[in-house]
Visitor: 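For reference, the structure I am asking about is given below.
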2 protein chains.
Amino acid sequence: MAKRAERPGDPAKLIGLLWRPTEAVSRSGLTPKVITRAAIALADQEGIDALTIRRVAGDLGVSTMALYPYIAGRSELLELMLDAVAAEVYAHTTPPAQAGQWRTRIEHIAQANWDHHMAHPWTVDIAAGRPVPGPGVSGKYETELSALDGLGLSDIEMDQTLTAILGLVSNAARETISLRRIRQESSLTDTQWWESVGPSLGKAMAGASYPVARRVAASLGEATGLATDPEGAFRFGLGMLMDGLGTLIGARGRHTL
Amino acid sequence: MAKRAERPGDPAKLIGLLWRPTEAVSRSGLTPKVITRAAIALADQEGIDALTIRRVAGDLGVSTMALYPYIAGRSELLELMLDAVAAEVYAHTTPPAQAGQWRTRIEHIAQANWDHHMAHPWTVDIAAGRPVPGPGVSGKYETELSALDGLGLSDIEMDQTLTAILGLVSNAARETISLRRIRQESSLTDTQWWESVGPSLGKAMAGASYPVARRVAASLGEATGLATDPEGAFRFGLGMLMDGLGTLIGARGRHTL
DNA sequence: CAATGTATTGTACTGCGTAAGAAGCATGAC
DNA sequence: GTCATGCTTCTTACGCAGTACAATACATTG
């Protein structure tokens, strides 16, 4: 946490980087694409906290400041990374036929985004700025909107439906990834952790009574062994959302969980 | 971005801080509560990036290291802050009668959480860790689950429904706050920004064609003057979600937008 | 009033993004 | 082949973060 001097970032420069990347190879072999790829690989393996300019430069075998002419700064690099991975979201899947059921299409979108977040966990950590869509993000948006086109929704409703779907996915992904990270770092299993924490928590909470919360937490613990089940919540929420969408467009979808 | 040495943090200590805060006032007048309050005030006004231990200590008129005996470290302070504001979410609202319509109750929850995020924008920036619920969070959870109790949902479904609702809210809040921040920082209005960016973007995108995306973006721009409308998406998504919930529990709710 | 233990402070370490200027290297002109 | 030109790359240094560690100031007890 707590960022250091990060210049505002020039939008025009960013657009250039996104849409017209320099292909010319200079004497070190650096290009925005090469740097972005190295940065993505690093972030995939070690998380954004490990993604420092120094480290990326080190991985590429050049000095820290050598990167700055190609990427404008750290925040621009993050945008380049986001756009690059966005271009891959639907690259390795065969989309269901456009004529197919809309529920299938939506589930395909949700699943692809889920897989995307799981493959690149750092994508849930980046706070979106003023959106400057690059080719990857634009293509992804186009693909997703197309799946919602022709259902009888207005343009605005299409966008809002998509936002809701992607929001459910990214929320669940964020929580799942957060849990996974903590498990890796703490070297304690969930059971061990609860055993160490449970007693003192029970003692501390003595007196306060949360009847419904206690009942629900107990049920959750029995069913999933965890205090929280983000992926389950996501699939359930998506089902409800699609039911609501079915009602809205009069297509009478059935809830499938 | 990029955090520095942040110890893992002792869960047991955190539980103690959350549930049995030291009331004893030492010679400087410091207590966890006082520090937490100061930190919240600072974060509310200047954002989490401004929330440094040094700064909080300065605001309280003590040296940096004086805080460490009371809060265990920065991450524990964040947890204390989150729990403290969670306790306030429903403090200043009169909840609708339990006997009332469930849609009203859910809308009340969503609205309270929306207001909460708007009052404390930093709440959308904090990555959740392994959940160690304090009294504030627990009380909030209890209140929210109670609003969903008795609708015929299973315990797990209640939790998942709540997760979906709160997810929609926090996503929309995150985007809204992000946009607001950028507007404040860039000192350019949205119109000015688009005027500066639009032309080069248009030129860059020449050749690529995104028919649906272009149409939808145009509609969005006309309707809201913006490329994105998080709050609208949130209200629309919530409506759909509640419609789906209505279908599920057979209560036949009507979509109200 | 002295002794003791804790609350507080000062100093220092490491690591970050990046500004500024020095140095290195490829390229074209003669 | 030699050399000036101009971009590329590297070195150095600044400011600021969290917090470890040791020294100091203070309140309390006898």
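Letters A, B, ... mirror the listed sequences (proteins, then strands); counts begin at 1. Keep in mind that the numbers below use all heavy atoms, side chains included, and drop hydrogens, waters and symmetry copies. As the structure is a prediction and not an experimental result, all values here were calculated from the model.
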Visitor: In whole angstroms, how far is the P atom of D:dA25 from the CE atom of B:Met65?
Guide: 18 Å
Visitor: Return the 5'-most residue of the pair A:Arg54, A:Ser63 with respect to DNA chain D, ranking by each residue's nearest nucleotide.
Guide: A:Ser63
Visitor: Rounding to an integer number of Å, can you tell me how far A:Ile71 CD1 sits from C:dT18 C1'?
Guide: 11 Å
Visitor: Over how many whole Å does the gap from A:Leu67 atom CG to C:dA19 atom C1' extend?
Guide: 16 Å
Visitor: Let's see if you can work this out: which of C:dA7, D:dA17, D:dT9 has an atom nearest to the side-chain heavy atoms of B:Tyr70?
Guide: C:dA7
Visitor: Whole Å only: how far is the CG atom of B:Leu77 from the P atom of D:dT19?
Guide: 10 Å
Visitor: Counting C-beta onward and ignoring hydrogens, is there a side-chain heavy-atom pair between A:Tyr90 and A:Asn113 closer than 4.5 Å?
Guide: yes
Visitor: Can you check the B:Ile53 CD1 to C:dT9 P distance for me, whole Å?
Guide: 15 Å
Visitor: Angle class for the B:Trp114/B:Phe234 ring planes (parallel below 30°, perpendicular above 60°, tilted otherwise)?
Guide: parallel
Visitor: Just how far, in rounded Å, is P of D:dT19 from CG of B:Leu78?
Guide: 10 Å
Visitor: Just how far, in rounded Å, is P of C:dA19 from CZ of A:Arg74?
Guide: 15 Å
Visitor: To the nearest Å, how far apart are B:Asp49 CG and D:dG18 P?
Guide: 11 Å
Visitor: One thing to verify: whether A:Glu46 and A:Arg55 come together as a salt bridge, which I'm taking to mean a side-chain N less than 4.0 angstrom from a carboxylate O.
Guide: yes
Visitor: Check this one for me: any side-chain N or O of B:Tyr68 less than 4.0 Å away from OP1 or OP2 of C:dA7?
Guide: no
Visitor: Pairing donors with acceptors under 3.5 angstrom, does anything connect the side chains of A:Gln111 and A:Asp115?
Guide: yes
Visitor: At less than 4.0 Å, is any side-chain N or O atom of A:Thr64 found next to OP1 or OP2 of D:dC10? Yes or no.
Guide: no
